[in-house]
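Some notes on the structure that comes next.
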Amino acid sequence: MSNDGFKGGFHPVYIWAIACLVLTYGYVVIFAIMSNFLRDSYGSSGLDAIQTAVLFFPLILTIVNTVIAILCGRKIDRRYFLGASIIIKYGLIPYFIVGGLLIAIFFLLIFTPVVIMIFVSPPIIIALSVIGWISMSESAPFMIVYFVKAAKEGALSGKKTGMKGGIAFAIVGSIMQMFFCLDVVSAVIACFKEKRYTKLSIVILSAPGVILGVTIAICIIVNLWK
């Protein structure tokens with residue numbers, strides 16, 4: 001679909017992006033329920049298999065998104081792919097914050113007097129990191145297709161850099177999809193270049209700072225009150 005065919009508003013690909021969020025958050029809950037059920041019913045038998053399956057569940061979503069991106073890449077306007085990516089990336093921020101905190105906690109537990117944590121924490125850290133990286137890659141196919149289409153259509157070209165600058169940014173942006181935080185940064189830059197979702201991006205980026213500021217203010221007030 002060309003730029004002339006872009007009408008804005010809601011697009012069916014957004015429904016699937018929202019479904020990805022629901023499935024990503026939901027599979028954690030389902031995993032906990034199934035683990036307890038298997039443990040209560042069959043002991044530890046079968047638990048390893050379900051844990052392995054759940055570990056790679058986000059990979060299924062990534063594969064499905066890759067298929068959608070390949071089959072619909074020429075039919076859907078690039079800005080719809082950007083919107084779908086934004087839904088997934090911004091929606092998973094709490095997911096990654098919790099995951100990052102868990103990794104930090106288990107990392108600190110390695111240095112505690114509890115000797116067993118030296119052996120327990122590293123596998124958990126690796127598992128959480130793998131799950132996080134696979135989950136992060138869910139939006140990568142949509143974002144890469146966006147960059148490819150945007151570069152071809154000159155949407156990323158600057159007044160000084162021209163088409164070459166747009167292609168370079170598309171390549172770098174695509175590579176950034178494989179790294180934590182950088183994938184969100186590339187999406188935010190794309191939003192400002194497209195002049196879409198800018199207010200949402202500002203709110204999302206400022207939220208952690210506001211929350212931190214409020215938390216510090218509350219702590220100061222509480223201490224002064226005491």
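Bear in mind that the values here come from a model prediction, so they are computed numbers and not experimental data. Every heavy atom of this structure was used, including side-chain atoms; hydrogens, water molecules and symmetry mates were not.
- In terms of the side chain to side chain contact (heavy atoms under 4.5 Å, CB included) criterion, residue partners of V188 (sequence neighbours excluded) are, by chain and number, Y90, V184, F192, S201, L205.
- Looking at M176 and D183, their side chains never come closer than 4.5 Å, going by heavy atoms from C-beta outward.
- Scanning all heavy atoms of the two residues, the minimum distance from A151 to L156 falls at N-CD1, 4.2 Å.
- Environment of CD1 in I116: sparse, with no more than 12 heavy atoms of neighbouring residues, nucleotides or ligands closer than 6.0 Å.
- In this structure, I189 CD1 and L182 CG are separated by 9.5 Å, a value rounded to the nearest 0.5 Å.
- Side-chain atoms of K149 come within 3.5 Å of backbone N or O of G73 as a donor-acceptor pair.
- Clustering ILVMFWY residues whenever any of their side-chain heavy atoms sit less than 4.5 angstrom apart, transitively, puts I70 in a cluster other than the one holding V13.
- With hydrogens and angles disregarded, a donor-acceptor distance shorter than 3.5 Å links the side chain of S137 to the backbone of I134.
- Contact check for L61 versus W16: side-chain heavy atoms found under the 4.5 Å cut-off.
- With contacts defined as side-chain heavy-atom distances shorter than 4.5 Å, the pair Y146/E194 qualifies.
- Nearest heavy atoms, I87 versus L21: O-CD1, 3.5 Å.
- A continuous path of Ile, Leu, Val, Met, Phe, Trp and Tyr side chains, each step under 4.5 Å between heavy atoms, connects L59 with V130, placing both in one hydrophobic cluster.
- Here the side chain of T62 pairs a donor or acceptor atom with the backbone of P58 at under 3.5 angstrom.
- In this structure, I76 and Y80 approach most closely via the heavy-atom pair CG2-CB, 3.5 Å.
- I68 and L92 fall within the same hydrophobic cluster, where Ile, Leu, Val, Met, Phe, Trp and Tyr residues are linked whenever their side-chain heavy atoms come under 4.5 Å apart, directly or through other members.
- The main-chain N or O of V203 is found under 3.5 Å from a side-chain atom of S206 such that the two form a donor-acceptor pair.
- Of the inter-residue distances, the one linking F179 atom CZ with S186 atom OG reads 11.5 Å to the nearest 0.5 angstrom.
- With rounding to the nearest 0.5 Å, the separation of OG in S121 from CD1 in I103 is 11.5 Å.
- Closest approach of C191 to I86, counting heavy atoms only: SG-CD1, 3.4 Å.
- Residue I144 is not grouped with residue V172 when hydrophobic side chains (ILVMFWY) are merged at heavy-atom distances under 4.5 angstrom, including chains of intermediate members.
- Distance alone, capped at 3.5 Å, is enough to place a donor-acceptor pair between the S85 side chain and the M143 backbone.
- Aromatic ring pairs are classed by plane angle as parallel below 30°, tilted from 30° to 60° and perpendicular above 60°; the pair F81 and F142 is tilted.
- Minimum interatomic distance between A190 and F147 (heavy atoms only, all atoms of both residues): CB-CE2, 4.5 Å.
- Scanning all heavy atoms of the two residues, the minimum distance from Y14 to R79 falls at OH-O, 3.9 Å.
- Counting heavy atoms from C-beta outward, S139 and N65 have side chains that stay 4.5 Å or more apart.
- Under the 4.5 Å side-chain heavy-atom criterion for ILVMFWY residues, a single connected hydrophobic cluster contains both I125 and M117.
- Among pairs with a residue in residues 106-135, those fulfilling ring pair (Phe, Tyr, Trp, His ring centres under 6.0 Å) read F107-F111, at least two apart in sequence or across chains.
- Looking at L23 and F57, their side chains come closer than 4.5 Å, going by heavy atoms from C-beta outward.
- Applying the side-chain hydrogen bond (donor to acceptor under 3.5 Å, both in side chains) rule to Y95 yields the partners Y27, S135; only residues at least two apart in sequence or on another chain are considered.
- The existence of a salt bridge linking E138 and K89 is excluded, since no basic side-chain nitrogen approaches an acidic carboxylate oxygen closer than 4.0 Å.
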